[in-house]
Protein chains: 2
Amino acid sequence: MRSTTIKDVAERAGVSAATASRVLSGHSATSEDARLAVRTAAEELGFRPNAQARSLRKTSTQTIGLLLPDIRNPFFADLAHAVEQRAREFGYLTLFGNANESQEQQDSYVDVMLSQRVDGLIAAPQGEARDLSGLLAGEVPTVFVDRVVDGAEVPTVTADNAGGIADAVRHLAALGHTRIGYIAGPQATSTGRERLEAFRAAVVETGSDQDADLVYFGDFQSASGAAGARFLLDLAVPPAALLAADSLMSIGAVGVCNERMLSIGSDLAFVAYDDIEAFTLVNPALTVIAHDVHAMGRLAVDLLIAEIAGESPQSVVLPSRLIIRGSTPSLSEGNPV
Amino acid sequence: MRSTTIKDVAERAGVSAATASRVLSGHSATSEDARLAVRTAAEELGFRPNAQARSLRKTSTQTIGLLLPDIRNPFFADLAHAVEQRAREFGYLTLFGNANESQEQQDSYVDVMLSQRVDGLIAAPQGEARDLSGLLAGEVPTVFVDRVVDGAEVPTVTADNAGGIADAVRHLAALGHTRIGYIAGPQATSTGRERLEAFRAAVVETGSDQDADLVYFGDFQSASGAAGARFLLDLAVPPAALLAADSLMSIGAVGVCNERMLSIGSDLAFVAYDDIEAFTLVNPALTVIAHDVHAMGRLAVDLLIAEIAGESPQSVVLPSRLIIRGSTPSLSEGNPV
DNA sequence: CTGAAAGCGCTTACAG
DNA sequence: CTGAAAGCGCTTACAG
């Protein structure tokens with residue numbers, strides 16, 4: 001079953017393929033007669049132009065690639081949504097790839113997307129610059145979002161990781177906490193590294209306990225958050241405050257607290273990085289380090305569009321905001337250290 | 001900056017484009033010499049074949065389309081992940097589209113995906129058969145997943161909606177509940193309709209209260225779950241048990257309970273449709289109607305692959321499983337009607 | 001305003 | 001085993 005081509009349309013309309021093409025792409029001057037004939041013919045035949053053929057001739061495909069580490073992470077799902085909606089406004093279709101927090105899958109998606117000749121690529125990358133040589137050689141306009149890669153000359157849209165973590169630690173310290181357990185992200189990611197560094201600096205700044213055991217290394221997925229909570233709560237001198245470096249690890253960690261009948265807010269202070277809708281499930285509500293994910297997605301697209309247009313857009317860093325809720329009451333309200 | 005083509009590679013390797021093509025696609029007989037020369041040339045030039053040109057010649061693009069209603073719904077995020085991983089195993093890239101629970105965006109994605117000449121399409125559709133004429137005319141192999149469209153001759157992978165809801169209502173009735181509030185999904189979706197129908201049947205079967213006010217119509221998104229919970233809890237005679245037809249509405253509804261200091265499990269029984277990771281945030285844990293999303297995604301891909309191969313695969317219905325947890329204790333345990 | 005022709009980058013019978 | 005040639009479906013200078 002060969003699908004109908006522009007030739008079929010042209011034949012039926014009694015014009016040449018060239019004229020049919022002009023009419024269908026709303027191009028230049030075409031006669032009233034031609035327009036009518038071609039449009040009805042296309043309609044009747046159910047003509048659907050072959051995007052492959054079109055983009056072989058033109059140099060653009062009107063698609064952008066979006067490469068994310070984990071679509072099951074609500075933060076990235078929100079980001080994907082924001083990017084896709086914004087891209088639509090510019091007439092771009094978003095091809096989405098899920099690297100599954102795996103270097104290998106990331107590489108293979110970069111490959112495939114470049115083969116598909118996407119007009120641009122938005123990625124939350126992992127690994128190092130040399131792993132992304134294809135992108136960084138300037139083969140295609142690229143924007144990094146949320147995460148970055150050292151030494152890459154690519155515009156980025158990131159959040160103020162350091163500021164958010166510092167605010168959270170200061171907040172806990174002000175509440176009287178001196179032992180703060182930290183569930184860190186993977187150090188292969190820029191966000192994992194920056195947040196940990198900021199945590200360590202803030203611990204020093206506030207005079208909190210620098211015990212190395214207070215840092216557990218997770219992988220941004222929920223099981224590692226659970227493992228981290230278990231590890232920290234089982235320490236000889238367990239921390240009375242926990243800070244987790246992303247939303248999925250927070251979910252895992254809170255789950256462990258629930259299992260153990262530890263009451264968040266009274267038995268344990270808790271701060272989560274990222275503010276996701278599902279956090280309203282927690283009672284009392286979680287104190288979080290929040291970002292404007294929607295703005296992050298929009299801006300990433302805007303920078304990419306500018307790049308595609310040949311401009312050299314400036315990177316932007318979005319502010320973090322500490323939202324204090326019931327999970328971090330002052331110690332006098334009943335938190336036994 | 002023209003990207004390197006197979007001609008460039010051929011020239012550098014001192015062979016014809018035809019030979020270069022054969023080597024690069026691991027085709028038929030090629031000489032040892034040719035293979036070596038072409039491979040090194042391709043390597044040196046960083047040659048990346050143009051997928052557009054290739055799929056214009058061949059008839060397949062090695063891509064499938066995945067059209068989902070809402071990527072921010074964890075159920076669909078999990079499904080997307082499962083589909084994508086399975087498709088990868090067969091060498092297919094997944095082009096992902098987010099219809100945003102909008103008919104219009106769904107239509108435009110169907111259009112774009114057909115234009116991109118995806119080899120097959122997996123969709124959780126909404127609306128009616130006539131809205132999807134392109135798909136249903138057999139233009140491209142299609143599988144519906146989770147949701148279906150009446151009168152469409154398309155293989156489907158669905159969950160046993162009716163069985164799950166019936167089990168939940170019976171469970172609540174056995175606990176002594178006679179007034180059960182139901183937050184329904186949109187009636188433009190097959191899942192919304194089937195679940196509501198099953199709810200009504202089970203209410204009759206168990207002799208529960210058939211008051212029409214006990215059904216609130218939501219839209220599968222969290223804000224409507226919150227609105228539904230407020231509506232139901234504000235009734236003159238509010239239900240002491242709530243059942244929500246998906247995970248996002250459950251999140252909204254539980255959030256309202258938290259706001260109102262209603263203790264789930266003691267003040268109110270709660271059952272959620274779908275079991276998502278974030279539900280571990282709730283304490284006590286939620287009773288849920290669970291499915292094997294992973295199997296659903298895998299099967300959808302398997303059916304599609306079969307269809308692409310020219311077979312006529314059978315639709316499959318996956319079982320629902322009621323998982324009873326702390327949010328639905330027996331009334332004697334303290335639920336005041 | 002319109003058509004004939006060339007060409008985008010690849011693949012594949014067809015000869016040899 | 002290999003090359004010349006045709007063709008996938010479109011678009012776009014080039015003439016007219």
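Side chains are part of it too, since the values below use all heavy atoms of this structure and drop only hydrogens, waters and symmetry mates. So that the names make sense, note that chain A is the first sequence line, chain B the second, and so on, each numbered from 1.
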What does D:dA4 pair with, Watson-Crick or G-U, if both distances are under 3.5 Å?
none
Answer for the Watson-Crick or wobble partner of D:dA13, both distances under 3.5 Å, is none
Name the closest nucleotide to the [X] side chain, picking from [options].
X	options	result
B:Phe47	C:dG3, C:dC10, D:dT2	C:dC10
B:Arg22	C:dC14, D:dT11, C:dG3	C:dC14
B:Arg57	C:dG7, D:dA6, D:dT2	D:dA6
B:Ser21	D:dT12, C:dT12, D:dT2	C:dT12
A:Leu56	C:dG9, C:dG3, D:dC10	C:dG9

Just jot down the side-chain contact (heavy atoms from CB on, under 4.5 Å) partners of B:Ala124, sequence neighbours excluded, or say none.
B:Leu68, B:Pro69, B:Phe76, B:Val145, B:Arg147
Closer to the 5' end of DNA chain C via nearest nucleotide, is it B:Gln52 or A:Ala18?
A:Ala18
Exercise: do B:Ser108 and A:Arg88 side chains pair donor with acceptor under 3.5 Å
yes
So, A:His291 and A:Asp146: side-chain donor and acceptor under 3.5 Å apart, yes or no?
no
Inter-nucleotide C1' distance (D:dT12, D:dG16), Å rounded:
16 Å
Which heavy-atom pair separates B:Ile71 from A:Ala77 by the least distance, and what is that distance?
O-CB, 3.7 Å
What is the distance, to the nearest angstrom, from the [atom1] atom on [X] to the [atom2] atom on [N]?
X	N	atom1	atom2	answer
B:Arg117	D:dG9	CZ	P	9 Å
A:Asn50	D:dG9	CG	C1'	6 Å
B:Lys7	C:dG7	NZ	P	9 Å

Between residues 31-39 of chain A and DNA chain C, which residues have a heavy-atom gap below 4.0 Å?
A:Ser31, A:Ala34
In Å and rounded to the nearest 0.5 Å, what is the OG1 to CZ distance from A:Thr191 to A:Phe220?
3.5 Å
If only atom types and distance count, is the side chain of A:Ser55 paired as donor or acceptor with the main-chain N or O of A:Thr61 below 3.5 Å?
no
